[in-house]
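Since the structure comes first, as structure tokens, the remarks are kept for the end.
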Amino acid sequence: MGPKAYISTITVGYVPNKEFYSLIGTTYFTQLDIENKVLAGANRIYAERYLSYGVFSYEPCVTVSAFSKDIEKKGSFSADILGNYASTVSYRNNADDEYAYRFASWYVSSYFESLVLEEYTGVQAGKTIRFFT
């Protein structure tokens, strides 16, 4: 398991619908599966992803005054992948190949959390992995 990373969060000027979250999650896992196939081939391993899950959320911006609470038409999206598990087997029976794949997969997984939010909102998301690149 790689180092811990912060949740990707961005602020946007609109309120999403439930289909938007499904689209973000589907896009994230599809892109990750494609990249992981490439990484598995490069590291000469067979990798099978288990059931994975993440949290994609929206927090509205609420303004509170002495007499009212107003919900603005802007807020923050967040994406956090909580479980992204895979089993790996090296074609060469080499544990280093499996370790290299798992590290690269973690790195890409972390990067894609913010990338997918950026793709659909056009706003750059903050993510720990961005600071390492």
Side-chain angles (χ1 to χ4, degrees):
M1 184 161 135
K4 297 287 182 193
Y6 294 103
I7 298 171
S8 292
T9 303
I10 60 170
T11 300
V12 296
Y14 55 88
V15 179
N17 58 25
K18 64 183 179 183
E19 289 81 15
F20 189 73
Y21 299 113
S22 178
L23 182 62
I24 290 174
T26 301
T27 301
Y28 168 82
F29 285 113
T30 300
Q31 288 181 337
L32 184 60
D33 284 346
I34 292 168
E35 187 64 27
N36 279 342
K37 291 291 182 192
V38 172
L39 291 171
N43 288 290
R44 290 173 243 145
I45 65 158
Y46 174 79
E48 188 71 36
R49 183 168 61 85
Y50 297 142
L51 178 64
S52 299
Y53 56 95
V55 175
F56 303 93
S57 64
Y58 174 79
E59 181 179 345
C61 183
V62 178
T63 305
V64 179
S65 65
F67 302 104
S68 68
K69 290 183 182 178
D70 297 318
I71 297 177
E72 300 178 27
K73 286 210 170 218
K74 67 178 183 178
S76 298
F77 281 106
S78 296
D80 189 21
I81 304 305
L82 303 171
N84 187 19
Y85 305 107
S87 64
T88 57
V89 176
S90 170
Y91 290 128
R92 300 183 310 162
N93 199 23
N94 185 340
D96 289 340
D97 291 344
E98 294 179 48
Y99 177 78
Y101 167 81
R102 285 193 301 273
F103 180 80
S105 179
W106 164 81
Y107 189 90
V108 168
S109 172
S110 183
Y111 176 72
F112 280 167
E113 284 181 35
S114 58
L115 181 65
V116 168
L117 289 177
E118 289 175 24
E119 286 177 344
Y120 287 105
T121 64
V123 179
Q124 185 171 358
K127 186 71 179 150
T128 303
I129 203 65
R130 285 194 172 281
F131 304 115
F132 296 133
T133 56

Rounded to the nearest 0.5 Å, how far does [atom2] of [Y] lie from [atom1] of [X]?
{"X": "N36", "Y": "S105", "atom1": "CG", "atom2": "OG", "answer": "3.5 Å"}
{"X": "E119", "Y": "F112", "atom1": "CD", "atom2": "CZ", "answer": "8.0 Å"}
{"X": "Y101", "Y": "Y46", "atom1": "OH", "atom2": "OH", "answer": "10.5 Å"}

Is it the case that the side chain of [X] and the backbone of [Y] share a donor-acceptor pair, with hydrogens and angles ignored and the cut-off at 3.5 Å?
{"X": "S52", "Y": "Y50", "result": "yes"}
{"X": "T26", "Y": "S22", "result": "yes"}
{"X": "S114", "Y": "Y111", "result": "yes"}
{"X": "N94", "Y": "D96", "result": "yes"}

How close do [X] and [Y] get, heavy atom to heavy atom, and via which atoms?
{"X": "Y53", "Y": "Y85", "answer": "OH-OH, 3.9 Å"}
{"X": "I45", "Y": "D97", "answer": "CG2-CB, 3.8 Å"}
{"X": "E113", "Y": "D80", "answer": "OE1-CA, 3.7 Å"}
{"X": "A47", "Y": "K37", "answer": "O-NZ, 4.3 Å"}

Exercise. Out of N84, D33, L117, L23, which residue meets the side chain to side chain contact (heavy atoms under 4.5 Å, CB included) rule with Y28?
Worked result: N84
Exercise. Going by atom types only, do S90 and R44 share a side-chain donor-acceptor pair under 3.5 Å?
Worked result: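 Judged by distance alone, the side chains do not pair up.
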For this session: Determine the interplanar angle of the F103 and Y99 rings, folded into 0 to 90°, and report it as parallel if under 30°, tilted if 30 to 60°, perpendicular if over 60°.
Result: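 It falls in the parallel class, under 30°.
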